[in-house]
Peer 1: 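Take this structure, written in structure tokens, and hold onto it; I'll ask about it next.
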Amino acid sequence: MASPRDSSMAQQGVEESQDMKNRETNQVEEAEEEFTLDGSVDRKGRPAIKGRTGGWIAGSLILVNQGLATLAFFGVGVNLVLFLTRVLGQNNADAANNVSKWTGTVYLFSLVGAFLSDSYWGRYMTCAVFQLIFVIGLATLSLSTYLSLLNPSGCGDRDTPCGPHNETQTRVFYLSIYLIALGNGGYQPNIATFGSDQFDEEDPKESHSKVSFFSYFYLALNLGSLFSNTFLSYFEDGGLWALSFWASCASAALALALFLCGTPRYRHFRPAGNPLSRICQVVSAASRKWTVEMGMYGEDDLFEVDGKDFVADNTTTRKMLHTNGFKFLDRAALIGPEDFTEQEQTIVRNPWRLCTITQVEEVKCVLRLLPIWLCTIIYSVVFTQMASLFVEQGAAMKTQLGSFRIPAASMSAFDILSVAVFIFLYRRILAPFFARLTTGGPTELQRMGVGLVVAVMAMMSAGTVEHYRLRHVEEEGKPSSLSVLWQVPQYVLIGASEVFMYVGQLEFFNKEAPDGLKSFGSALCMTSISLGNYVSSLIVTAVMAVTARGGRPGWIPGDLNVGHLDRFYFMLAVLTMSDLVVYVACARWYRSIRFEGKSCRETEFGELKV
């Protein structure tokens with residue numbers, strides 16, 4: 001029989017155990033109630049709670065959304081050059097140019113989406129609206145293809161070209177693909193930035209996850225395109241265009257539905273207002289004080305608001321520290337006697353005569369990013385060949401492997417696999433290895449430089465393969481006897497270069513863009529692809545104009561067997577090498593953005609790493 005003392009001790013033990021459970025519960029609740037430190041809010045505009053918003057739950061939904069949307073986009077884009085030649089009856093040069101212009105327009109629309117996102121709508125609303133436009137465009141393309149473009153029935157494969165189409169049918173087709181361009185272009189830069197918004201960069205653990213997110217984002221993009229570059233590409237090569245387009249439409253609709261399902265979980269940043277007005281204010285204020293000699297003034301004479309954050313257009317962004325470059329713009333923050341006026345017994349600053357240091361640094365940041373951005377355009381010229389001339393080159397090679405025929409466009413699957421492998425190698429092996437050799441490992445600028453070097457190797461490989469393909473031509477107008485599998489090295493090298501260039505670009509522009517221009521930073525990455533497509537189209541046109549004189553077929557004729565596509569590839573290798581020299585100079589000159597409360601250290605290439 002238990003004594004009263006034993007019962008008392010047992011009761012005390014139960015109470016202590018209950019107190020411990022209560023303390024653990026309180027700790028969990030406190031952790032759940034911990035707010036983010038980067039200023040993000042939930043969907044109702046309240047400070048975001050870490051345990052209830054964002055993180056990998058929201059990030060994973062966005063990654064799946066990106067994979068499905070990419071599947072839908074490349075279901076149209078990867079074989080568009082073949083659709084134009086087989087269904088609409090265009091020649092190779094015109095089809096390659098039209099694809100380059102369309103792809104360029106896709107990425108040009110990213111500036112529209114970024115502007116609306118940063119200024120007025122916010123990233124969530126912008127993503128939702130442009131995804132809806134994307135679905136409408138795909139549905140219109142699927143209907144028009146099924147009802148009118150595939151005429152006669154069964155046309156559009158390698159052997160049966162389609163008949164002529166009237167003006168209305170052609171206009172509906174172009175309307176649909178440019179709706180797709182608008183929808184995907186406006187959505188892309190915002191979904192990348194919106195995904196990174198789900199991680200608090202002021203929290204060490206979440207900050208590491210934020211860097212990893214961009215690699216997984218690019219991996220999701222490539223895995224999504226893997227399906228379209230294999231299965232959908234195979235259907236399209238066999239003339240099943242309508243089925244492939246309907247599959248793309250269904251994928252885009254599912255992506256939109258999943259995106260909306262995550263609404264309660266997302267973290268948001270309030271739009272910071274029209275950035276063009278802030279930039280114009282700096283230019284106006286600096287020009288009004290153009291005659292002021294800045295040598296007698298220092299940083300202490302420049303204007304900045306009190307407090308940790310800078311408030312503009314009823315939104316809050318982090319304050320930026322003063323830097324020494326572009327000193328002529330510092331005049332905009334120099335306090336003068338006419339910069340303040342009295343309104344209703346209150347002293348008010350005239351924003352067109354006096355700007356804050358943060359505003360001035362925002363403009364300086366954009367000016368510093370532009371040279372780096374311009375140097376990425378030539379790389380995009382190389383990258384865009386994969387969707388046009390690589391496909392045409394593959395179509396002119398032996399695609400039969402035993403009883404199975406490999407569609408030329410599906411060779412880009414090797415690019416996708418290369419991206420997946422090199423992302424794993426970089427994140428798991430190369431980055432930790434170099435981190436032990438150097439403080440912090442390779443910077444984004446260094447990785448982008450490596451991407452340019454690998455791009456040169458890719459063009460040399462493509463030119464060499466084309467040189468030997470021409471040697472194995474047995475009859476004009478017929479495919480070469482050289483196997484299409486000889487294209488594998490050039491696709492693998494392009495994939496490796498993407499991991500260094502485009503993933504590095506996404507991280508770089510997102511990190512270096514001011515708080516009020518984050519989507520603009522991602523749009524810069526996409527716009528370089530856009531201009532790369534336009535420049536590619538311009539180069540192809542110029543090359544054909546020069547090389548096709550005097551009755552000669554030129555380097556890129558309709559029948560590649562009588563052309564010299566190898567010389568075009570070698571020319572791109574030389575252009576990319578020249579671009580690399582300029583890029584290294586710009587990267588060494590670059591200085592990083594600096595926010596108040598963060599320390600910076602010098603790294604190679606002259607970059608300041610936070």
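The structure presented is a predicted model; accordingly, all values stated were derived computationally and were not measured. Just the heavy atoms: all of them, side chains too, but no hydrogens, waters or symmetry mates, feed the values below.
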Peer 1: Any side-chain to backbone donor/acceptor pair from T170 onto N166? Under 3.5 Å, distance only.
Peer 2: yes

Peer 1: Taking only residues two or more places apart in sequence, or in another chain, which ones meet T105 in a side chain to side chain donor-acceptor pair (under 3.5 Å)?
Peer 2: Y534

Peer 1: Please list, one pair per line, the donor and acceptor atoms closer than 3.5 Å that link side chains of residues 80-89 to other protein atoms, with sequence neighbours excluded.
Peer 2:
residue : atom : partner : partner atom : Å
T85     : OG1  : V81     : O            : 3.2
T85     : OG1  : L82     : O            : 3.0
R86     : NH1  : D237    : O            : 3.2
R86     : NH1  : D237    : OD1          : 3.1
R86     : NH2  : D237    : OD1          : 3.2

Peer 1: Checking T53 against R265: is there a side-chain donor and acceptor pair closer than 3.5 Å?
Peer 2: no

Peer 1: Mind checking what makes salt bridge (charged side-chain N to carboxylate O under 4.0 Å, His left out) contact with E507, not counting sequence neighbours?
Peer 2: R427, R447

Peer 1: Which residue pairs pass the ring-ring contact (aromatic ring centres under 6.0 Å, His included) test when at least one of the two sits in residues 388-412, sequence neighbours left out?
Peer 2: Y234-F404, F390-Y491, F390-Y569

Peer 1: Return the set of residues passing side-chain contact (heavy atoms from CB on, under 4.5 Å) with L68 (not counting sequence neighbours), or none when no residue passes.
Peer 2: V64, S251, L254, A255, L258

Peer 1: Return the set of residues passing side chain to side chain donor-acceptor pair (under 3.5 Å) with T263 (not counting sequence neighbours), or none when no residue passes.
Peer 2: Y124

Peer 1: Relative to each other, are the rings of Y216 and W56 parallel, tilted or perpendicular (30° and 60° limits)?
Peer 2: perpendicular

Peer 1: For S480 and R469, indicate whether the former's side chain and the latter's backbone hold a donor-acceptor pair under 3.5 Å.
Peer 2: yes

Peer 1: Verify, without hydrogens or angle tests, whether Y266 (side chain) and F259 (backbone) share a donor-acceptor contact under 3.5 angstrom.
Peer 2: yes

Peer 1: In sequence, state the C-alpha distance, the side-chain angles, and the governing distance for V172 and Q169, and then conclude on side-chain contact (heavy atoms from CB on, under 4.5 Å).
Peer 2: CA-CA 5 Å; V172 171; Q169 293 170 334; 6.0 Å; no

Peer 1: With side-chain contact (heavy atoms from CB on, under 4.5 Å) as the test, would you mind laying out the steps for T193 and D197 before giving the verdict?
Peer 2: CA-CA 6 Å; T193 310; D197 289 345; 4.2 Å; yes

Peer 1: Sequence neighbours excluded, which residues qualify as side-chain contact (heavy atoms from CB on, under 4.5 Å) partners of K44?
Peer 2: D42, R46

Peer 1: Where do E512 and K518 land on the salt bridge (Lys or Arg N to Asp or Glu O under 4.0 Å) test, with the steps shown first?
Peer 2: CA-CA 9 Å; E512 296 300 319; K518 288 295 183 184; over 6 Å; no

Peer 1: With no hydrogens and no angle check, is any side-chain donor or acceptor of S418 less than 3.5 Å from a backbone partner on F414?
Peer 2: no

Peer 1: When you look at CZ of F231, are more than 12 heavy atoms from neighbouring residues, nucleotides or ligands closer to it than 6.0 Å?
Peer 2: no

Peer 1: Measuring only between side-chain heavy atoms, which start at C-beta, is F568 closer than 4.5 Å to L565?
Peer 2: yes

Peer 1: Would E466 and Q487 count as having a side-chain donor-acceptor pair, cut-off 3.5 Å?
Peer 2: no

Peer 1: Under the salt bridge (Lys or Arg N to Asp or Glu O under 4.0 Å) criterion, do D200 and K210 qualify, and how do the steps go?
Peer 2: CA-CA 8 Å; D200 183 0; K210 185 171 188 171; over 6 Å; no

Peer 1: Quickly, which of S110, S117, S522 forms a side chain to side chain contact (heavy atoms under 4.5 Å, CB included) with N190? Name it, please.
Peer 2: S117

Peer 1: For Y120, does the OH atom have more than 12 heavy-atom neighbours from other residues, nucleotides or ligands under 6.0 Å away?
Peer 2: yes

Peer 1: Grab the two heavy atoms, one from A192 and one from F214, that are nearest each other, plus how far apart they are.
Peer 2: O-CE2, 4.2 Å

Peer 1: Could you check whether any side-chain N or O of W373 sits under 3.5 Å from a backbone N or O of L524, counting only pairs where one atom can act as donor and the other as acceptor?
Peer 2: yes

Peer 1: How would you list, by chain and number, every residue that makes a side chain to side chain donor-acceptor pair (under 3.5 Å) with S412, sequence neighbours excluded?
Peer 2: N229

Peer 1: Between the side chains of S144 and S148, does any donor sit under 3.5 Å from an acceptor?
Peer 2: no

Peer 1: Classify the angle between the aromatic ring planes of F73 and W102 as parallel (below 30°), tilted (30 to 60°) or perpendicular (above 60°).
Peer 2: parallel

Peer 1: Taking only residues at least two apart or on different chains, which pairs with a member in residues 68-77 satisfy side-chain hydrogen bond (donor to acceptor under 3.5 Å, both in side chains)?
Peer 2: Q66-T70

Peer 1: Which atom pairs, one a donor and one an acceptor, fall under 3.5 Å between side chains of residues 125-139 and the rest of the protein, sequence neighbours left out?
Peer 2:
residue : atom : partner : partner atom : Å
T126    : OG1  : G122    : O            : 2.7
Q131    : OE1  : N65     : ND2          : 2.9
Q131    : NE2  : C127    : O            : 3.4

Peer 1: Would you check if the side chain of R267 reaches a backbone N or O of Q198 as a donor-acceptor pair within less than 3.5 Å?
Peer 2: yes

Peer 1: Taking salt bridge (charged side-chain N to carboxylate O under 4.0 Å, His left out) as the definition, give me every residue that meets it alongside K101, ordered by chain and number, with sequence neighbours left out.
Peer 2: none

Peer 1: Between S60 and I57, is there a donor-acceptor pair closer than 3.5 Å when you use the side chain of the first and the backbone of the second?
Peer 2: no

Peer 1: Run the salt bridge (charged side-chain N to carboxylate O under 4.0 Å, His left out) test against D203 and tell me which residues pass, sequence neighbours left out.
Peer 2: K50

